[in-house]
Amino acid sequence: MFELLTEHQFSTAVVIYWIFSAAVSSMPDPAGNGSSGYLWLYRFLHTIAGNITTAFGSKIPGLKTFTLLLVALLAAATSACAARYTIHPGALNKTDSAAYDILLVAETAIDQARLDYKSGQLPAGAQPAFDALIKSYNIARDSWLAYRSAIATNAPAAVYFSQLNQNLTDLAVRIRELEQTK
């Protein structure tokens, strides 16, 4: 439950404000001869609820409350539910896991291109791009394995990281080039 609330902070704040506003609105009016403490609490809570409503309602010229609520809900849906990257089991760190993901995408592109070639759907001009993709994949995979080895043996990994980053960037370019030839 706590994880749900932390991942949807804006929505949680909206719900809490709505509950707060409903609770304040349902408070009975203070009696003329009532306690000064209740009168202070009543005015204080209504002032807070009113100021929040004023700040988000009428202070934005030309924007109706419904539109503001719609924009707020849209912002909550796009930011609060952002995807969280989960590291693969067996990965040494986030970089290792992300590199593995990129290599899987490239492998899928290669497999699809092979199927297209066998079925005659790959244009003849795509063969050089396909060959370049396979070569780039092999280089990137070797670079990834070298990076993993450096991390696993506690060797300085900065050089391996730079090379891995460059090789993965080249791999992404080769995937795009193949897709453009189709």
Side-chain angles (χ1 to χ4, degrees), residues 1-109 140 144 147-169 171-173 175-176 179:
M1 177 69 169
F2 184 71
E3 185 177 326
L4 176 74
L5 295 178
T6 58
E7 288 181 6
H8 298 86
Q9 292 174 3
F10 183 80
S11 301
T12 302
V14 169
V15 168
I16 289 171
Y17 171 70
W18 181 76
I19 292 170
F20 170 74
S21 180
V24 168
S25 296
S26 68
M27 290 176 70
D29 291 338
N33 59 355
S35 76
S36 60
Y38 180 75
L39 177 62
W40 178 87
L41 180 65
Y42 180 86
R43 287 181 179 165
F44 176 75
L45 293 177
H46 274 79
T47 301
I48 290 175
N51 285 339
I52 292 173
T53 302
T54 301
F56 290 112
S58 62
K59 293 291 183 183
I60 303 173
L63 192 63
K64 297 181 179 172
T65 305
F66 176 73
T67 306
L68 180 63
L69 180 62
L70 189 61
V71 169
L73 290 175
L74 180 63
T78 58
S79 64
C81 295
R84 309 275 190 247
Y85 184 75
T86 305
I87 297 176
H88 293 282
L92 302 175
N93 57 25
K94 262 188 176 179
T95 302
D96 179 41
S97 183
Y100 179 75
D101 285 340
I102 295 168
L103 290 169
L104 282 178
V105 168
E107 189 176 8
T108 302
W144 172 65
Y147 173 78
R148 281 183 59 90
S149 177
I151 294 293
T153 60
N154 292 326
V159 175
Y160 297 102
F161 175 77
S162 298
Q163 190 61 47
L164 175 63
N165 191 27
Q166 181 60 48
N167 291 339
L168 291 175
T169 302
L171 182 61
V173 169
I175 292 172
R176 265 185 260 129
E179 291 299 319

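By convention here, the first residue in the shown sequence is residue 1.
Residues that satisfy the ring pair (Phe, Tyr, Trp, His ring centres under 6.0 Å) test with Tyr100, not counting sequence neighbours, are His88, Trp144. Checked against salt bridge (Lys or Arg N to Asp or Glu O under 4.0 Å), Glu179 has the following partners two or more places apart in sequence or in another chain: Lys182.
Here the closest heavy-atom approach between residue Asn93 and residue Ile87 is recorded as O-CG2, 4.2 Å. Across all their heavy atoms, Ala99 and Leu164 have their closest contact at CB-CD2, 4.1 Å. The two residues Ala150 and Pro156 come nearest to each other via the heavy atoms CB-O, 4.5 Å.
Counting only heavy atoms from C-beta outward, the side chains of Ile151 and Asp96 never approach each other to under 4.5 Å.
Between the CD1 atom of Ile102 and the CD1 atom of Ile175 there is a distance of 8.5 Å, given to the nearest 0.5 Å. If you take CZ on Arg148 and OG1 on Thr95, they are separated by 12.0 Å, rounding to the nearest 0.5 Å. In this structure, Gln166 CD and Leu171 CG are separated by 11.5 Å, a value rounded to the nearest 0.5 Å.
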Which donor-acceptor pairs under 3.5 Å do side chains of residues 27-40 form with protein atoms, sequence neighbours excluded?
unit_1	atom_1	unit_2	atom_2	d
Asp29	OD1	Tyr42	OH	2.7
Ser35	OG	Tyr38	N	3.2
Tyr38	OH	Pro28	O	2.5

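Using modelled atom types and a 3.5 Å distance limit, the side chains of Tyr147 and Asn165 yield no donor-acceptor pair.
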